[in-house]
Amino acid sequence: MNREIENLMHLIQASPSPFHTILECEKQLQEVHAVKLDKAAKWNLSSGNIYYTNLYDTTLIAFRVNAGYQAGDGVRIAASHTDWPCLRIKPSAETVTGSYAKLNVEVYGGPILNTWLDRPLSVAGKVVLKGENPFRPRICYVDFARPILTIPNLAIHMNREVNKGVELNRQTDMLPLAGMVQETLEKDQYFMNALAAELSADPSSILGYDLCIYNAEAPCLTGLKEEFLSGPRLDNLTSVQACLSGLLRSGRERGIDIIAMFDNEEVGNMTKQGAPVFKHVLERISLGLGLSREEHLQAMMDSFMVSADVGHAVHPNKPELNDITNKNYLNGGFLIKMACSQSYATDCEADGIVEGLCQKYEIPYGKFLNRSDLRGGSTLGSFSSSDLSMMTADVGVPLLAMHSARELMGVKDQETLTCMIEKVFSE
Ligand SMILES: [Zn+2]
């Protein structure tokens with residue numbers, strides 16, 4: 001197995017929630033002695049160091065001020081997102097049907113709902129506990145790390161039309177089964193009791209939580225020659241890992257190299273820890289290096305970003321749904337995503353820079369465009385590119401079954417994306 005696929009499989013297993021993704025990123029950055037910056041303190045930065053800052057526990061921005069940095073040097077950026085479509089547990093989640101103990105959930109982002117049925121599911125995320133001071137509650141992270149939930153399908157005998165397609169109701173059809181109701185006392189408390197036990201805390205000390213339900217299956221290789229990786233959360237942990245590895249494998253004389261992993265792309269970016277925060281962080285990096293605002297704005301105009309998020313490979317059974325001349329198959333290399341609507345931020349010059357790098361270093365790649373009669377997704381690239389007015393290329397590994405509870409990719413593609421990001425930070 002190649003190294004980057006190994007790294008990716010490790011990250012998937014270490015990432016049952018975006019909170020855990022950030023913890024894992026911090027761990028890897030600490031291994032190279034990166035310096036953590038407090039988001040609420042003054043930053044004093046100097047060249048030759050790697051720094052990172054964690055914003056609200058689901059967004060992380062890390063950067064290297066290269067040893068030969070000179071005031072006014074531009075920045076190079078690789079960005080990605082840390083969230084994925086899933087189910088989230090609502091407060092007061094216990095809801096009982098007969099003897100069955102279920103949980104009330106809401107849908108985060110746009111998952112393919114039916115792929116969440118009949119899977120072993122678990123729960124992970126952030127929990128807030130009472131502290132001494134109401135403004136300083138205790139924060140902890142939890143991962144049940146074993147299958148505790150399942151959403152059973154209806155038997156075909158109870159819905160003979162099932163293979164014609166079924167519409168699932170987000171409120172009534174997606175509630176996971178958590179167990180059997182034990183006794184009246186437990187009836188309203190079974191989940192809170194289980195959560196408290198997991199944290200070795202008193203149930204009454206739990207003030208709130210952001211908990212994700214996740215597919216507890218491990219990723220695995222598949223295909224006659226292990227050509228594919230099948231796993232949960234490939235959108236967008238492929239890109240998070242490529243940003244991390246790309247930064248850690250690279251190095252250049254001048255400038256600043258930045259990786260940014262933002263939360264909330266799947267729900268439109270517009271949150272305190274979403275892509276809009278980037279502008280402020282970039283300005284603070286410049287201020288921390290002693291630049292004036294004018295010098296900062298000049299440097300931004302001499303900068304370049306690749307925004308990494310997954311794209312669509314040609315589907316083996318529905319090849320007609322991709323563009324008629326720009327066709328990409330798994331294992332053909334990462335994608336440069338383009339759209340004249342600028343729903344992907346790439347323009348011909350940004351495309352040319354990425355293609356130039358790929359041709360120089362013999363990195364396989366393809367170009368992705370949607371069929372002209374299909375509306376594709378949008379990315380954080382288009383948002384950040386306009387927010388910062390920065391030249392940006394939208395890139396990402398091709399997937400099949402995007403937003404399924406289990407997605408599919410080619411094992412060769414992860415290295416191509418990583419290598420391209422490495423070269424952005426090296427050339
Ligand atoms: Zn994505």
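Counting starts at 1 for both ligands and their atoms, following the listed order.
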Item to complete: Using a cut-off of 2.8 Å, find all protein N, O or S atoms closer to the Zn ion (ligand 1) than that distance.
Response: H81 NE2, D235 OD1, D309 OD1, D309 OD2

Worksheet entry | NZ or CZ of K272 within 45° of Y56 ring axis and under 6.0 Å | yes

Worksheet entry | Cationic tip of K423 above Y361 ring, under 6.0 Å, 45° of axis | yes

Discussion item. My understanding is that only residues two or more places apart in sequence, or in another chain, count here; which of them pass side-chain contact (heavy atoms from CB on, under 4.5 Å) with E349?
Written reply: D347, M391

Fill in: Non-neighbouring partners of K36 that pass side-chain contact (heavy atoms from CB on, under 4.5 Å), sequence neighbours left out
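Here the qualifying residues are E26, Y52, N54.
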
Discussion item. Between D210 and R88, does any NZ, NE, NH1 or NH2 come within less than 4.0 Å of an OD or OE carboxylate oxygen?
Written reply: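 Salt bridge absent between R88 and D210.
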
Worksheet item: Mind checking what makes side chain to side chain donor-acceptor pair (under 3.5 Å) contact with Q414, not counting sequence neighbours?
Response: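 Scan of Q414 (side chain to side chain donor-acceptor pair (under 3.5 Å), adjacent residues dropped) gives none.
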
